[in-house]
Asks: 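The structure's right below; bear with me while I get my questions together.
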Amino acid sequence: PDEGILYQDISCKIDCPTKAGTFVLWGLGAIDETGSDALKDSTRWITDDDRFRNRWNEKFGAVGINHKVNLSKNTMLTTSLASSGNTKKLTMDWLDEQYNLQEDVNLKNDNGKTTLAFVLSNKFSSKHTNKTGLKINTLLYNYNLNGTILHEPGTYRNFSDESGKSNHIQLFTQSKY
């Protein structure tokens with residue numbers, strides 16, 4: 001079967017030094033696609049894979065802004081806000097004995113995360129440094145799976161349709177001496 005892989009990606013980073021500190025804007029993204037077609041000649045079927053038409057699509061993206069500012073000679077505050085996500089989609093169709101494509105699998109999975117972080121770095125001496133911070137995360141997901149049992153079209157149904165959200169907070173401190 002013909003298989004092809006298509007992809008494209010992009011990334012950027014912009015530094016903006018100011019009197020109020022340095023701002024950094026950044027982002028990246030990607031789109032990937034691949035797939036194969038079913039063989040419409042049963043004499044060429046060697047494995048069940050030869051009877052599938054499949055498509056895999058994946059998209060990813062992330063953006064953020066960081067800010068660093070010196071509060072004193074030995075103390076720096078770093079603040080970050082970032083968001084990322086991806087989506088994955090798989091479709092598989094089964095070629096029946098009459099060479100008709102039947103829906104077999106349809107999967108869609110989405111995930112996302114947003115993080116807000118504050119980190120205070122302090123150099124107490126030439127030997128002692130400390131980082132203390134707070135991170136607030138929000139995680140999101142959506143998962144949907146439809147399919148058949150043993151490629152029987154009459155058994156096509158939803159196996160999972162779930163979505164959710166979670167928040168968590170991290171507090172930390174780290175000293176190096």
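Every heavy atom of this structure was used, including side-chain atoms; hydrogens, water molecules and symmetry mates were not.
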Asks: Please determine which of R53, R55, R51 meets the side-chain hydrogen bond (donor to acceptor under 3.5 Å, both in side chains) test together with D93.
Replies: R53
Asks: For K176, which residues count as a side chain to side chain contact (heavy atoms under 4.5 Å, CB included) partner, sequence neighbours excluded?
Replies: T129
Asks: The criterion is side chain to side chain donor-acceptor pair (under 3.5 Å); which residues satisfy it with N167, sequence neighbours excluded?
Replies: T138
Asks: What residues, two or more places apart in sequence or in another chain, satisfy side chain to side chain donor-acceptor pair (under 3.5 Å) together with E33?
Replies: none
Asks: Pair up each side-chain donor or acceptor in residues 101-108 with any protein partner under 3.5 Å, not counting sequence neighbours, and list the distances.
Replies:
{"unit_1": "Q102", "atom_1": "NE2", "unit_2": "D96", "atom_2": "OD2", "d": "3.1"}
{"unit_1": "D104", "atom_1": "OD1", "unit_2": "T148", "atom_2": "OG1", "d": "2.5"}
{"unit_1": "D104", "atom_1": "OD1", "unit_2": "H151", "atom_2": "ND1", "d": "3.2"}
{"unit_1": "D104", "atom_1": "OD2", "unit_2": "H151", "atom_2": "ND1", "d": "3.2"}
{"unit_1": "K108", "atom_1": "NZ", "unit_2": "D110", "atom_2": "OD2", "d": "3.4"}

Asks: Once salt bridge (Lys or Arg N to Asp or Glu O under 4.0 Å) is applied, what residue pairs with a partner in residues 139-167 remain, sequence neighbours excluded?
Replies: none
Asks: Taking only residues two or more places apart in sequence or in another chain, which ones pass ring pair (Phe, Tyr, Trp, His ring centres under 6.0 Å) with Y141?
Replies: none
Asks: For residues 13-30, tabulate all N or O donor-acceptor pairs below 3.5 Å that involve a side-chain atom, not counting sequence neighbours.
Replies:
{"unit_1": "T18", "atom_1": "OG1", "unit_2": "A20", "atom_2": "N", "d": "3.1"}
{"unit_1": "T18", "atom_1": "OG1", "unit_2": "G21", "atom_2": "N", "d": "3.4"}
{"unit_1": "T18", "atom_1": "OG1", "unit_2": "G21", "atom_2": "O", "d": "2.7"}

Asks: Among residues at least two apart in sequence or on other chains, which ones pass side chain to side chain donor-acceptor pair (under 3.5 Å) with T43?
Replies: D41
Asks: Tell me, please, which residues at least two apart from L81 pass side chain to side chain contact (heavy atoms under 4.5 Å, CB included).
Replies: I65, T114, L116
Asks: Side chain to side chain contact (heavy atoms under 4.5 Å, CB included) with N137: which residues, sequence neighbours excluded?
Replies: K113, T115, K135, H168, Q170
Asks: Do L145 and I149 sit in the same hydrophobic cluster, where Ile, Leu, Val, Met, Phe, Trp and Tyr count as joined when their side-chain heavy atoms come under 4.5 Å apart?
Replies: yes
Asks: Under 3.5 Å, is there a donor on one side chain and an acceptor on the other for T132 and N130?
Replies: yes
Asks: Return the set of residues passing ring pair (Phe, Tyr, Trp, His ring centres under 6.0 Å) with Y177 (not counting sequence neighbours), or none when no residue passes.
Replies: H128
Asks: So if you build clusters from Ile, Leu, Val, Met, Phe, Trp, Tyr with side-chain heavy-atom gaps below 4.5 Å, do W94 and L150 land together?
Replies: yes
Asks: How about Y99 and S42: do any of their side-chain heavy atoms sit closer than 4.5 Å?
Replies: yes
Asks: For T75, check side chain to side chain contact (heavy atoms under 4.5 Å, CB included) against everything at least two apart and list the hits.
Replies: L71, S72, L120, N122
